Amino acid sequence: EPPIIIVFVIQSQSNSFHVRQAERRRADLLEQAQSLTEKPPVVLLLHNLSDNEGDWSILPLLPYLSQSFGKNSSWIVFLEEETNVKMTKLVQVLGKFDQNKEWFLGKPLHDEESTIIHHYAFAENPSVFKYPDFSAAWALSIPLVVRLANKVRDEPLKSDFTIDLKHEVALYIWENGKGQHLTAVPELCTEPDDSPQAQHCATTLRSLPPLCGEPVSADDVFVAVKTCKKFHSERVPVVKKTWEKDALFLEYYSDHADPSIPTINLGVPNTERGHCGKTFAILKRFLSDDVPKTNWLLIVDDDTLISLPRLQVLLSCYDPFEPVCLGERYGYGLSQGGYSYITGGGGMVFSREAVVRLLKSGCKCYSNDAPDDMVLGMCLNALGLPVTHSPLFHQARPEDYARDFLAHQVPVSFHKHWNIDPIAVFNKWLKDDLRTTTAGGLNKSTKTEL
């Protein structure tokens, strides 16, 4: 039997907090490998591989991976910074598969109903298509990497939106039934590492989201809600009944000043499509003396449902004196040098430093109704500022995401009121204050790890 040689790719990000998390994961992998092999495995941090913004979409990286490791490796294993790996077990599991064949291995997710974030794919039978939960790690055998890399080289990737990467990668590999489908590997798990169910697992998840110290205080977050006259009576009351009470500094921005809410008219007419003009007016106001000075700005839509206490816990991990732009990351044209952006509906978070740099750059909307989130993405890309992804923000409703994917998250936001009762959704998914639930349950290992 030829030895199994694994190249690990940590799907890392360039924000300093995430770099630390990824370095810690790499150190753990190397330490485990030391006791198993003479030669340390290759552990790559994705954000370091090139200057290409589109690398996080994986497919543009395949030619590099094929060229560098196609001759002397067996598997490329992709993992997230919170994926715990039991190396001995993983090597055993991979050993069950013939490494000279094409394999796409992972923990399968499927859609219960067809969803907008997957362009309503497989509408007749949504659960038929399986795609990997990246948190459990996923693997490609080298023969598959080599073939896919040639395909990427020969047929340019389409320049389009990247919305749910795990689904899009699986579709590309499946190739309308001509390629490989995902093979389910029960040892790739998203169980917490300390759970009794995790004994057979080669991968597990950190049991709790990281706590990086005290949650950011409510008086350090300024909340901007974008609304317009026609939604004052329909959507604003939902914000008031759900999460408004958790905000200390919050303003509603509209095309119409209504003192009963109260809304502020920023002098930007409402537009049907994008809200670029309105959002840039909010950025300017955030830096002005008209509002309290805070380190963090959160911009949401009037139909965003969000847990501010959970956001405050999450923000404790980030340095507001760095340019931080945080939320659910989408991409546009990533295969051809495009850009990443924070999709607006799930909530866009900016550190003060990010807002200062955005406005200083002179970047502006090409029209009032340009899509604000995409224009900001273009600006950040031109400035070389990173867009930081958190899967805890959601551009769509809970039913638009795979059940097993949401099962290992403590979500921060969802978006849209279509065919749902938004107050019930808030109460089910976002209501409890995380601090009360985790403080008692924090085990020592989490505290020491951070």
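Along the sequence shown, residues carry numbers from 1. Because the structure is a prediction, the values reported are computed rather than measured.
Annotation: cation-pi pair Arg329/Trp56 present, NZ/CZ under 6.0 Å from the ring centroid and within 45° of its normal. Geometrically, Lys166 engages Phe405 in a cation-pi contact, judged by NZ or CZ lying under 6.0 Å from the ring centre and within 45° of the ring axis. For the pair Arg235 and Phe231, the cation-pi test (distance below 6.0 Å, angle within 45°) is passed. Figure legend: cation-pi geometry between Arg352 and Phe286, with NZ or CZ positioned under 6.0 Å from the six-membered ring centre and within 45° of its axis.
Interatomic distance, Asp111 CG to Phe129 CZ, rounded to the nearest 0.5 Å: 9.5 Å.
Using a 4.0 Å cut-off between charged side-chain N and carboxylate O, Arg357 and Glu353 make a salt bridge. Using a 4.0 Å cut-off between a side-chain N of Lys or Arg and a carboxylate O of Asp or Glu, Arg20 and Glu23 do not qualify as a salt bridge.
Residues satisfying the ring-ring contact (aromatic ring centres under 6.0 Å, His included) criterion with Phe134, sequence neighbours excluded, are Trp138. The ring-ring contact (aromatic ring centres under 6.0 Å, His included) check on Tyr401 picks up His394, with sequence neighbours excluded.
At a cut-off of 3.5 Å, with distance as the only test, a side-chain donor of Asp369 or Ser367 sits close to an acceptor on the other residue.
Here Trp296 and Phe222 keep their ring centres 6.0 angstrom or further from each other. Taking the ring centroids of His118 and Tyr131, they lie under the 6.0 Å cut-off.
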What verdict does the side-chain contact (heavy atoms from CB on, under 4.5 Å) test give for Asp404 and Thr190, after you've listed the backbone C-alpha separation in whole Å, the side-chain angles of each residue and the deciding distance to 0.1 Å? CA-CA 9 Å; Asp404 289 347; Thr190 52; over 6 Å; no
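Between Lys226 and the choices Leu266, Thr279, Asn270, the side-chain contact (heavy atoms from CB on, under 4.5 Å) rule is met once, by Thr279.
Note: Tyr332 and Tyr339 have tilted aromatic rings, judged against thresholds of 30 and 60 degrees for the angle between ring planes.
In this structure, Thr304 contributes its side chain and Gly345 its backbone to a donor-acceptor pair below 3.5 Å.
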